[in-house]
Amino acid sequence: LKPFVIGIGENFQNAFDCVGEYFDASQETEFVKAFDVVISQAFNSTTAQVNLLDQAGAATETNINMSFYDKVSGKLQKNYVHTMNVRGLSDTLTLDPLITYTLVVHTIPMYLKGN
């Protein structure tokens, strides 16, 4: 469960930021924008690309196992082998937008990326 907190009036970001994603909506237009973002994130999947960079900073590395863990529970959510298409672009992955992930790239040494 990843709650969304929409603050109305006083700024409660410091109090609620650690609970979930916080939106300040002290004005009606800000509330509508925040509500649209929350609904969009709750009902739509999201996509991501992982670019594995070589020592020169170019996205040339591929065929490496990657694991996506739920940051809160630590449970494995997705496991992919990184691939690139014929144009040299990393494949697009579909992820649940309500989960905050920790990415582990199984290289030597292992690489870990949070959030």
Side-chain angles (χ1 to χ4, degrees):
L1 178 66
K2 181 177 179 181
F4 296 96
V5 179
I6 300 176
I8 300 173
E10 198 173 323
N11 188 336
F12 295 103
Q13 184 161 3
N14 290 337
F16 289 104
D17 201 31
C18 63
V19 174
E21 190 164 347
Y22 179 83
F23 297 92
D24 180 26
S26 54
Q27 304 293 325
E28 184 178 348
T29 57
E30 293 169 342
F31 178 82
V32 172
K33 288 178 188 176
F35 192 73
D36 287 344
V37 169
V38 169
I39 295 300
S40 174
Q41 287 188 15
F43 291 110
N44 297 329
S45 60
T46 191
T47 58
Q49 289 180 303
V50 177
N51 293 313
L52 303 176
L53 307 178
D54 61 18
Q55 289 182 340
T60 59
E61 300 296 319
T62 193
N63 299 324
I64 296 182
N65 182 270
M66 304 180 299
S67 300
F68 290 79
Y69 293 90
D70 183 314
K71 183 178 179 181
V72 176
S73 70
K75 291 184 179 180
L76 178 65
Q77 297 297 313
K78 303 277 186 178
N79 194 38
Y80 296 105
V81 173
H82 183 275
T83 56
M84 290 197 272
N85 64 22
V86 295
R87 296 187 315 232
L89 301 174
S90 298
D91 286 341
T92 302
L93 312 174
T94 302
L95 300 171
D96 184 342
L98 299 179
I99 298 175
T100 301
Y101 294 96
T102 297
L103 169 62
V104 176
V105 181
H106 300 280
T107 54
I108 300 173
M110 183 174 63
Y111 179 77
L112 185 114
K113 177 74 174 165
N115 298 322

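Numbers here are sequence positions counted from 1. Values below: all heavy atoms of this structure, side chains included; hydrogens, waters and symmetry mates excluded.
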- So does Phe35 have more than 12 non-hydrogen atoms from other groups sitting under 6.0 Å from CZ?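 Result for CZ/Phe35: open.
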Locate the shortest heavy-atom distance separating [X] from [Y]; write the atom from each residue and the value.
{"X": "Val104", "Y": "Met110", "result": "CG1-SD, 3.3 Å"}
{"X": "Met84", "Y": "Thr60", "result": "CE-O, 3.5 Å"}
{"X": "His82", "Y": "Ser90", "result": "NE2-OG, 3.1 Å"}

Approximate separation, where rounding is to 0.5 Å, of [X] [atom1] and [Y] [atom2]:
{"X": "Phe68", "Y": "Leu93", "atom1": "CZ", "atom2": "CG", "value": "5.0 Å"}
{"X": "Asn65", "Y": "Tyr80", "atom1": "CG", "atom2": "OH", "value": "12.0 Å"}
{"X": "Asp54", "Y": "Leu52", "atom1": "CG", "atom2": "CG", "value": "10.0 Å"}
{"X": "Ile99", "Y": "Thr102", "atom1": "CD1", "atom2": "OG1", "value": "11.5 Å"}

Count I, L, V, M, F, W, Y as connected when their side-chain heavy atoms are under 4.5 Å apart, and connections chain through other members. Are [X] and [Y] then in the same cluster?
{"X": "Leu112", "Y": "Tyr69", "value": "yes"}
{"X": "Val81", "Y": "Val50", "value": "no"}
{"X": "Leu76", "Y": "Ile64", "value": "no"}

- Out of Lys78, Gln77, His106, which residue meets the side chain to side chain contact (heavy atoms under 4.5 Å, CB included) rule with Ser67?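 With Ser67 as partner, side chain to side chain contact (heavy atoms under 4.5 Å, CB included) holds for just one option, His106.
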- Message: Can you confirm whether Thr100 sits close enough to Asn115 that some side-chain heavy atom of one is under 4.5 Å from a side-chain heavy atom of the other?
- Response: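 With C-beta onward as the side chain, the pair touches.
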- Task: Output yes when a side-chain donor or acceptor of Tyr111 lies under 3.5 Å from a complementary backbone atom of Leu103, and no otherwise.
- Result: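 No: the side chain of Tyr111 does not pair with the backbone of Leu103.
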